[in-house]
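This report refers to the structure that appears directly beneath it.
Below, all heavy atoms of this structure are taken into account, side chains as well, without hydrogens, waters or symmetry copies.
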Amino acid sequence: MSLLNILRYPDPRLHKVAKPVAIFDERLKKLAADMAETMYAAPGVGLAATQVDVHEQVIVIDTSETHDELRVFINPEIVWASEEKQVYDEGCLSVPGVYDGVERPARVKVKAFDLEGKPFELEADGLLAVCIQHEMDHLKGKVFVEYLSPLKRNRIKTKLLKEERELSREKKRATAGR
């Protein structure tokens with residue numbers, strides 16, 4: 001297993017729409033394992049393949065405190081969502097250090113495949129429902145900050161681009177000093 005590079009907003013690759021998985025093989029299992037390792041190391045509770053520049057419909061989620069309830073969703077599809085809405089403070093591994101309230105359905109039913117290609121359905125509420133919807137947005141090329149006002153979104157973009165420039169300068173200084 002290996003850690004994967006997580007794309008940072010506003011990287012345009014985060015807006016690519018993921019394609020359905022057609023072949024359930026060892027490559028897919030390795031991708032899911034690497035994504036899980038990357039998610040746990042970040043640390044986070046969910047990661048979509050889009051965030052690691054793989055544009056296939058693969059999501060890993062673990063909302064447990066003990067990090068021992070990994071769920072893998074291949075080609076997920078929400079088949080039902082409650083009319084009741086809930087606002088959760090969301091964060092994202094692709095938008096580090098930023099948290100804001102996003103309103104979503106409080107409960108969802110998702111249909112997906114496991115790593116063996118077997119279909120399953122799952123009803124979720126609370127944090128799991130939020131994570132499923134958040135990660136599925138990534139597969140559609142949408143980042144949670146797009147639910148925020150244009151003013152907030154621009155402030156976040158400016159802040160992250162500034163951090164990126166500073167990191168780049170530090171790397172250049174470090175390599176020049178060798």
Locate the shortest heavy-atom distance separating [X] from [Y]; write the atom from each residue and the value.
X: V60; Y: M39; value: O-SD, 3.7 Å
X: I132; Y: A124; value: CD1-CB, 3.9 Å
X: Q57; Y: P76; value: O-CD, 4.0 Å
X: A49; Y: M35; value: N-CE, 3.3 Å
X: A129; Y: A106; value: CB-O, 3.7 Å
X: V79; Y: K111; value: CG1-CB, 3.9 Å

For [X] and [Y], indicate whether the former's side chain and the latter's backbone hold a donor-acceptor pair under 3.5 Å.
X: H138; Y: T50; result: no
X: D89; Y: Y99; result: no
X: N75; Y: A112; result: no

Item checked: Chi angles and distances behind the side-chain contact (heavy atoms from CB on, under 4.5 Å) call for S94, R8 -> CA-CA 4 Å; S94 292; R8 286 175 54 120; 5.7 Å; no
Next item on the list: Ignoring hydrogens and angles, state whether a donor on the side chain of D137 or Y147 is under 3.5 Å from an acceptor on the partner side chain.
Entry: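 On atom types as modelled, these side chains qualify, holding a pair under 3.5 Å.
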When you look at [atom1] of [X], are more than 12 heavy atoms from neighbouring residues, nucleotides or ligands closer to it than 6.0 Å?
X: E83; atom1: CD; result: no
X: K157; atom1: NZ; result: no
X: K19; atom1: NZ; result: no

Taking the side chain as every heavy atom from C-beta outward, state whether [X] and [Y] have any atom pair closer than 4.5 Å.
X: P20; Y: E56; result: no
X: D11; Y: D53; result: no
X: V98; Y: K159; result: yes
X: I59; Y: V72; result: no
X: R71; Y: D62; result: no
X: I74; Y: L115; result: yes
X: R173; Y: E170; result: yes
X: E37; Y: L3; result: yes

Checklist line | Residue pair K152, D100: steps toward the side-chain contact (heavy atoms from CB on, under 4.5 Å) verdict | finding: CA-CA 10 Å; K152 278 186 181 179; D100 212 317; 2.9 Å; yes
Output yes when [X] and [Y] qualify as a salt bridge under the 4.0 Å nitrogen-oxygen rule, no when they do not.
X: R153; Y: E146; result: no
X: E164; Y: R169; result: no
X: E26; Y: K30; result: no

Next item on the list: Run the ring-centre check on F73 versus F120 and record whether the distance is less than 6.0 Å.
Entry: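 Yes - the distance between ring centres of F73 and F120 falls below the 6.0 Å cut-off.
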Next item on the list: May I have the step-by-step check of side-chain contact (heavy atoms from CB on, under 4.5 Å) for R104 and E90, ending in yes or no?
Entry: CA-CA 11 Å; R104 298 184 185 272; E90 293 187 25; 2.6 Å; yes
Co-membership, hydrophobic cluster, residues [X] and [Y], 4.5 Å side-chain:
X: F113; Y: L28; answer: yes
X: V52; Y: L93; answer: yes
X: L7; Y: L139; answer: no
X: I6; Y: L160; answer: no
X: L148; Y: Y88; answer: no

Check: Where do E123 and R107 land on the salt bridge (Lys or Arg N to Asp or Glu O under 4.0 Å) test, with the steps shown first?
Finding: CA-CA 7 Å; E123 277 197 47; R107 295 183 319 282; 5.7 Å; no
Notebook entry, point to check: Can you tell me how far OG1 of T38 sits from CG of N5, rounded to the nearest 0.5 angstrom?
Noted result: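 N5 CG to T38 OG1: 9.0 Å, rounded to 0.5 Å.
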Notebook entry, point to check: Roughly how far apart are L47 CG and I61 CD1, rounded to 0.5 Å?
Noted result: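 That separation rounds to 10.0 Å.
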Next item on the list: Just say parallel, tilted or perpendicular for the rings of H67 and Y40, cut-offs at 30° and 60°.
Entry: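 The arrangement is perpendicular - the two ring planes meet at more than 60°.
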Check: Under the side-chain contact (heavy atoms from CB on, under 4.5 Å) criterion, do V108 and S82 qualify, and how do the steps go?
Finding: CA-CA 6 Å; V108 294; S82 67; over 6 Å; no
Item checked: Qualifying residue for side-chain contact (heavy atoms from CB on, under 4.5 Å) with V110, from E77, M136, Q133, E121 ->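 Option passing the side-chain contact (heavy atoms from CB on, under 4.5 Å) with V110: M136.
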